[in-house]
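Single-structure report; data block below.
Labels below follow one simple rule: chain letters A, B, ... track the order of the sequence lines, proteins then strands, and each chain is numbered from 1. Worth saying up front: this structure is predicted, and the values here are computed from it rather than measured.
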2 protein chains.
Amino acid sequence: MKLSKRGEYALRALIDLGIASELGWPMLQASELATKEKLPIKFLEQIFTQLKAAGYVKSRRGKFGGYSLARPMSQIKFGTVIRLIDGPLAPIRCVSQMAYVRCSCPDEVHCGLRMLMLDVRNAITKLLDRYTLADIVEITLRKLRRDKVTPPFLSRSTKLRSVLPPMVNRLGDGGLKFNSVGPTSGRRRK
Amino acid sequence: MKLSKRGEYALRALIDLGIASELGWPMLQASELATKEKLPIKFLEQIFTQLKAAGYVKSRRGKFGGYSLARPMSQIKFGTVIRLIDGPLAPIRCVSQMAYVRCSCPDEVHCGLRMLMLDVRNAITKLLDRYTLADIVEITLRKLRRDKVTPPFLSRSTKLRSVLPPMVNRLGDGGLKFNSVGPTSGRRRK
DNA sequence: TCTATTTCCTATTGATCTAGTAGGGATATG
DNA sequence: CATATCCCTACTAGATCAATAGGAAATAGA
C-alpha cells in the first residue's frame, strides 16, 4: 500500500508537465523541475528515461532542450503509469487482473482474505484507472486560480508571459468529486 | 500498494482462528495452520508473537497448546492489523491520517498528486477500517456452507465432531456487498 | 569551429526491507 | 521423564530503494 519515491516523482513530473503545457509552456527542463520540486536531478533523469521509453514524454536535447508530453493528457491514466513504475496495483497478486499469480491458500474461491483484498484492489483501480492527467491538471489549475497562486515552475526569470493564456475549462465546477483536502483533517469548521 | 507476506500470513491466521473458533474450535496450533495453509512455521511463529504482543491473540504452551483469539472478532479491524504489521495504509505519507509526514512538494494544498492520493487512501481505509474479522469470518462461513465445503484446518484426525455446531447467523443474506469473485475474471459464462 | 548546455547511458553504492532459517530455551501434558 | 508446544534471539541471502557518479552525445549560439 505504498507508492515509491520513483513513482511519486514520475507522477509529479507528469502533472507539472501537464500544467505547464496547459499554460502555454510545453517544455520543461529536468533541472528546472528538480529544483522547484526539490527532487534529485540525476534520479529524475532516470525516471524521465523510463517515461520516455514508455511513450509518455518526448525530449529534446542540447541547449534549450527539455521534456514535454508525448500524448494527449486525457490518454494518460494514473493507474497505467504507476503499474509501469511500481508494478501491480493489487495488494496481493491473487486479486490482480493485470498480473495474476495464484497464491498459496488451499481454496481461492472461499478465501476470505481474497474477497476483502479484491474489494481493496477494485477501490484502488476504480480511482487510478479512471482519472487521467487531464483531470488532475484541470482540477489543480482551478484550485490555483481560485486562490490566485502561480505554479512555482512558471516563475521563470526570462520570457515569462505577463498574462496567462486563456484556459480551457471543459468541466463545470465540481465536475470531479475529490474530497476537499484540509491539512491533516481532524476538526474542520472549528 | 502491496501487502507483505508477513501481513498476508497474519491476516490469514486471524481469519482461520476466527473461523475455527466460530465452529467451536477455539484454539489452533501454529504447526497445524502452517501445514494447512502452506506457510513456513518459524516465520508464522514470529508473526504470532507480534499479534500476541498487540493483544490480538493469546497462547497456551506445552502439549495441546496453541493460539486463540484474545478479543471479540467484531473488535478486530483489518486496517489496524495491517498498520501494525506493514505500517501506514496511505500510498504516500502526506495523506496519511495516522502517520502524517510532510512531503517535499512546495505547496501541499494545491498539489494534484496529493488530492488524488488522498482519495486513494480514503478508498482503502473505508474498506479496511470498516470491515472486522467478524464480518469476513461470517461471509466466508456462509460461502463455505453454501458450497458444502469443510474448511481444511478442521479436518483434524482425532476428536473432530461429526456434526458442526449450530452457527450464529446475525446478518441476512447479502448483508455485506462483496463483489462476487470469479477466478481471474476474463471470460465468465463461456 | 568552439563552448556551454542539455539529455542520454551505464555503473555503483549504502541503506533498508523481505522472507525467511537456525537453534535452542521455557513450559505444559501424560 | 519424554514429548510437544510456544518463546526468544540471532542471523542471512537476496531484493529493492533511492540515489550518486562520470561521462558521452546532441544541440544552440558566438
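- A/Y9 and A/F43 have perpendicular rings, their planes meeting at more than 60° on a 0 to 90° scale where under 30° would count as parallel.
- The two residues B/S96 and B/A99 come nearest to each other via the heavy atoms OG-N, 2.9 Å.
- For A/D119 and A/R114, the salt-bridge test fails: no basic side-chain N is under 4.0 Å from an acidic carboxylate O.
- Computed from coordinates, the B/K2 NZ to D/dA15 C1' distance equals 10 Å when rounded to whole Å.
- Between A/D16 atom CG and B/C111 atom SG the span is 8.5 Å, to the nearest 0.5 Å.
- Spacing between atom CG of A/L3 and atom C1' of D/dA18 amounts to 14 Å, rounded to whole angstrom units.
- Residue-level contact check: A/F48 touches neither bases nor backbone, having no heavy atom under 4.0 Å from any strand.
- Near DNA chain D, meaning a heavy atom under 4.0 Å from it, residues 6-13 of chain A has A/R6, A/Y9 in order of number.
- Atom pair A/R60:CZ and D/dT27:P shows a separation of 9 Å (rounding to whole Å applied).
- Heavy-atom contacts of chain A under 4.0 Å fall on DNA chain C between two terminal nucleotides, which in 5' to 3' order are C/dT5 to C/dA11.
- When all heavy atoms are compared, the tightest approach of B/I136 to B/F78 is CG1-CE1, 3.2 Å.
- Side-chain proximity of A/K42 to D/dC7, D/dA25, D/dG22: nearest is D/dG22.
- The side chain of A/K63 lies closest to D/dT27, out of D/dT27, D/dG23, D/dT5.
- Computed from coordinates, the A/F64 CZ to D/dG29 P distance equals 6 Å when rounded to whole Å.
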Run the side-chain hydrogen bond (donor to acceptor under 3.5 Å, both in side chains) check on A/Q97 and A/R121 step by step: do they pass? CA-CA 9 Å; A/Q97 305 283 305; A/R121 186 220 97 103; 5.1 Å; no
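- Between the CD1 atom of B/I47 and the CD1 atom of B/I85 there is a distance of 6.5 Å, given to the nearest 0.5 Å.
- B/L11 is listed as a side-chain neighbour of A/M117, based on a closest heavy-atom distance under 4.5 Å.
- Summarising the geometry, the separation between CD on B/Q29 and P on D/dT3 is reported as 17 Å, rounded to the nearest angstrom.
- Looking at which nucleotide of DNA chain D each of A/K5 and A/R61 is closest to, the 5′-most match is held by A/K5.
- Looking at A/E8 and A/R12, a side-chain N of the basic residue comes within less than 4.0 Å of a carboxylate O on the acidic one, giving a salt bridge.
- For B/Q46 against D/dT9, no side-chain N or O and base N or O form a donor-acceptor pair under 3.5 Å.
- For D/dC7, one of the phosphate oxygens OP1 or OP2 lies less than 4.0 angstrom from a side-chain nitrogen or oxygen of B/S59.
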side-chain hydrogen bond (donor to acceptor under 3.5 Å, both in side chains) for B/S59 and B/K52? Distances and angles first, verdict last. CA-CA 8 Å; B/S59 62; B/K52 191 188 172 187; 3.1 Å; yes
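- Within residues 49-57 of chain A, no residue approaches DNA chain D, by heavy-atom distance under 4.0 Å.
- Here the C1' atom of nucleotide D/dT5 and the CE atom of B/M27 are 11 Å apart, to the nearest Å.
- Note: A/T150 OG1 to B/H110 NE2 = 10.5 Å, rounded to the nearest 0.5 Å.
- In this structure, B/E45 atom CD and D/dT5 atom C1' are separated by 9 Å, rounded to whole Å.
- Heavy-atom neighbours of B/R130 CZ from other residues, nucleotides or ligands within 6.0 Å: at or below the threshold of 12.
- Atom pair B/I47:CD1 and D/dC6:C1' shows a separation of 15 Å (rounding to whole Å applied).
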